[in-house]
**Student:** 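My questions will all concern the structure given below.
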Amino acid sequence: AEIDRWTERFRHVDDPPEPFATALREGWTADARERLAAEAEDYARRHEAWLAQIGGAGMDLVRLDCKAGACGVCAKYCGSAYTLTGETEGLPPPPPLPICPACRHTLNLLTPFFMQRLGMDLDDLIAEARPFED
């Protein structure tokens with residue numbers, strides 16, 4: 001049901017990711033549907049463990065980093081900062097990952113050193129934050 005919901009959502013997106021682009025053209029095969037579901041479930045499990053590790057270390061700031069070829073649904077959140085614990089006022093909580101079943105983006109730590117290297121401070125992150133809208 002989730003894959004069907006996303007297939008319909010991608011019907012209105014200019015750049016649907018694979019395997020949705022193929023499914024929209026040719027329909028779903030049972031194998032493609034099963035493979036996507038298994039990959040998305042595995043990714044979600046691994047990412048939950050990663051976030052638990054970050055949170056367990058007392059870290060709060062993360063950024064959604066996208067792989068090349070982000071779909072039109074995910075792309076608008078790429079580079080946005082989020083708060084894992086709610087400790088950083090002004091930043092929204094992170095989106096549930098995967099945002100879509102096809103993309104494999106990740107939340108990575110935003111350390112002060114990395115922010116300095118980007119030439120950004122917390123006010124910049126807050127100003128550019130994009131809350132997730134389902």
**Student:** Take Arg5 and Glu2 through the test salt bridge (charged side-chain N to carboxylate O under 4.0 Å, His left out) and record every step on the way to the result.
**Tutor:** CA-CA 5 Å; Arg5 186 173 70 86; Glu2 181 76 4; 2.9 Å; yes

**Student:** Between His47 and Pro96 (side chain of the first, backbone of the second, donor and acceptor by atom type, cut-off under 3.5 Å), is there such a pair?
**Tutor:**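 Between the backbone of Pro96 and the side chain of His47 there is no qualifying donor-acceptor contact (under 3.5 Å).
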
**Student:** Would the distance check show the side chain of Asp60 and the main-chain N or O of Thr88 forming a donor-acceptor pair, the cut-off being under 3.5 Å?
**Tutor:** yes

**Student:** Once you find the SG atom in Cys103 and the one in Cys71, is the distance between them below 2.5 Å?
**Tutor:** no

**Student:** According to a 4.5 Å side-chain heavy-atom criterion applied to Ile, Leu, Val, Met, Phe, Trp and Tyr, with indirect links allowed, do Leu122 and Met59 form part of one hydrophobic cluster?
**Tutor:** no

**Student:** Would you kindly confirm whether Leu107 and Leu110 end up in one hydrophobic cluster when ILVMFWY residues are joined by side chain heavy atoms under 4.5 Å apart?
**Tutor:**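 Hydrophobic grouping puts Leu107 apart from Leu110.
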
**Student:** Quick one: do Leu97 and Trp50 end up in the same hydrophobic cluster if we chain Ile, Leu, Val, Met, Phe, Trp and Tyr together by side-chain heavy atoms under 4.5 Å apart?
**Tutor:**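 Yes: a chain of side-chain contacts under 4.5 Å links Leu97 to Trp50.
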
**Student:** So, Trp6 side chain and Phe20 main chain: donor-acceptor pair closer than 3.5 Å or not?
**Tutor:**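 No, the answer is negative, given that no donor and acceptor are paired below the 3.5 Å cut-off.
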
**Student:** Rounded to the nearest 0.5 Å, what's the gap from CZ on Arg63 to CG on Leu109? Could you check?
**Tutor:** 11.5 Å

**Student:** Can you tell me if CG on Asp42 sees more than 12 non-hydrogen neighbours from other groups inside 6.0 Å?
**Tutor:**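 For Asp42, atom CG is crowded (more than 12 foreign heavy atoms under 6.0 Å).
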
**Student:** Please go through Phe113's hydrophobic cluster and name the other residues, only I, L, V, M, F, W, Y counting, with side-chain heavy atoms under 4.5 Å joining them.
**Tutor:** none

**Student:** Output the distance between atom CG (Asp31) and atom CG (Leu36), rounded to the nearest 0.5 Å.
**Tutor:**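 Rounded to the nearest 0.5 Å, the CG-CG separation comes to 11.0 Å.
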
**Student:** Should we count CD of Glu41 as having more than 12 external heavy atoms under 6.0 Å?
**Tutor:**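 Result for CD/Glu41: open.
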
**Student:** Ignoring hydrogens and geometry beyond distance, is a side-chain donor-acceptor pair present between Thr83 and Glu87 at under 3.5 Å?
**Tutor:** no

**Student:** Indicate the atoms forming the closest heavy-atom contact of Glu8 with His12, along with that distance.
**Tutor:**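 Heavy atoms of Glu8 and His12 come nearest at O-CD2, 3.4 Å.
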
**Student:** Shortest non-hydrogen contact from Ala102 to Pro19?
**Tutor:** CB-CD, 4.3 Å

**Student:** With a 3.5 Å distance limit and no angle check, can you tell me whether Tyr82 reaches the backbone of Ala129 through a side-chain donor-acceptor pair?
**Tutor:** no

**Student:** Decide whether Val13 and Leu24 are clustered together by the hydrophobic rule: side chain heavy atoms of Ile, Leu, Val, Met, Phe, Trp, Tyr closer than 4.5 Å, transitively.
**Tutor:** yes

**Student:** So, taking the atom named CZ in Arg33 and the one named CG in Asp4, what distance separates them when rounded to the nearest 0.5 Å?
**Tutor:**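 Here the rounded value is 4.5 Å.
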
**Student:** Could you pull out the closest heavy-atom pair between Tyr77 and Glu133, with the gap in Å?
**Tutor:** OH-N, 3.0 Å

**Student:** Looking only at non-hydrogen atoms, find the nearest pair between Pro16 and Ala21 and report the distance.
**Tutor:** O-CB, 3.7 Å

**Student:** Pairs in or reaching into residues 91-113: which pass salt bridge (charged side-chain N to carboxylate O under 4.0 Å, His left out), with residues at least two apart or in two chains?
**Tutor:**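 Checked against salt bridge (charged side-chain N to carboxylate O under 4.0 Å, His left out) - neighbours excluded - the pairs reaching residues 91-113 are Glu39-Arg104.
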
**Student:** Does atom CD of Glu26 have more than 12 heavy-atom neighbours, drawn from other residues, nucleotides or ligands, at distances under 6.0 Å?
**Tutor:**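 Count over threshold, so yes.
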
**Student:** To check you understand the geometry: which heavy-atom pair defines the closest contact between Cys78 and Ala70, and what is its length?
**Tutor:** SG-CB, 4.1 Å

**Student:** For Asp124 and Gly119, work out which heavy atoms get closest and say how close.
**Tutor:** OD2-O, 3.9 Å

**Student:** Quickly, which of Leu51, Leu61, Leu91 forms a side chain to side chain contact (heavy atoms under 4.5 Å, CB included) with Leu84? Name it, please.
**Tutor:** Leu51

**Student:** Could I get the full list of disulfide (SG to SG under 2.5 Å) partners for Cys74, not counting sequence neighbours?
**Tutor:**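 Disulfide (SG to SG under 2.5 Å) list for Cys74, sorted by chain: empty.
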
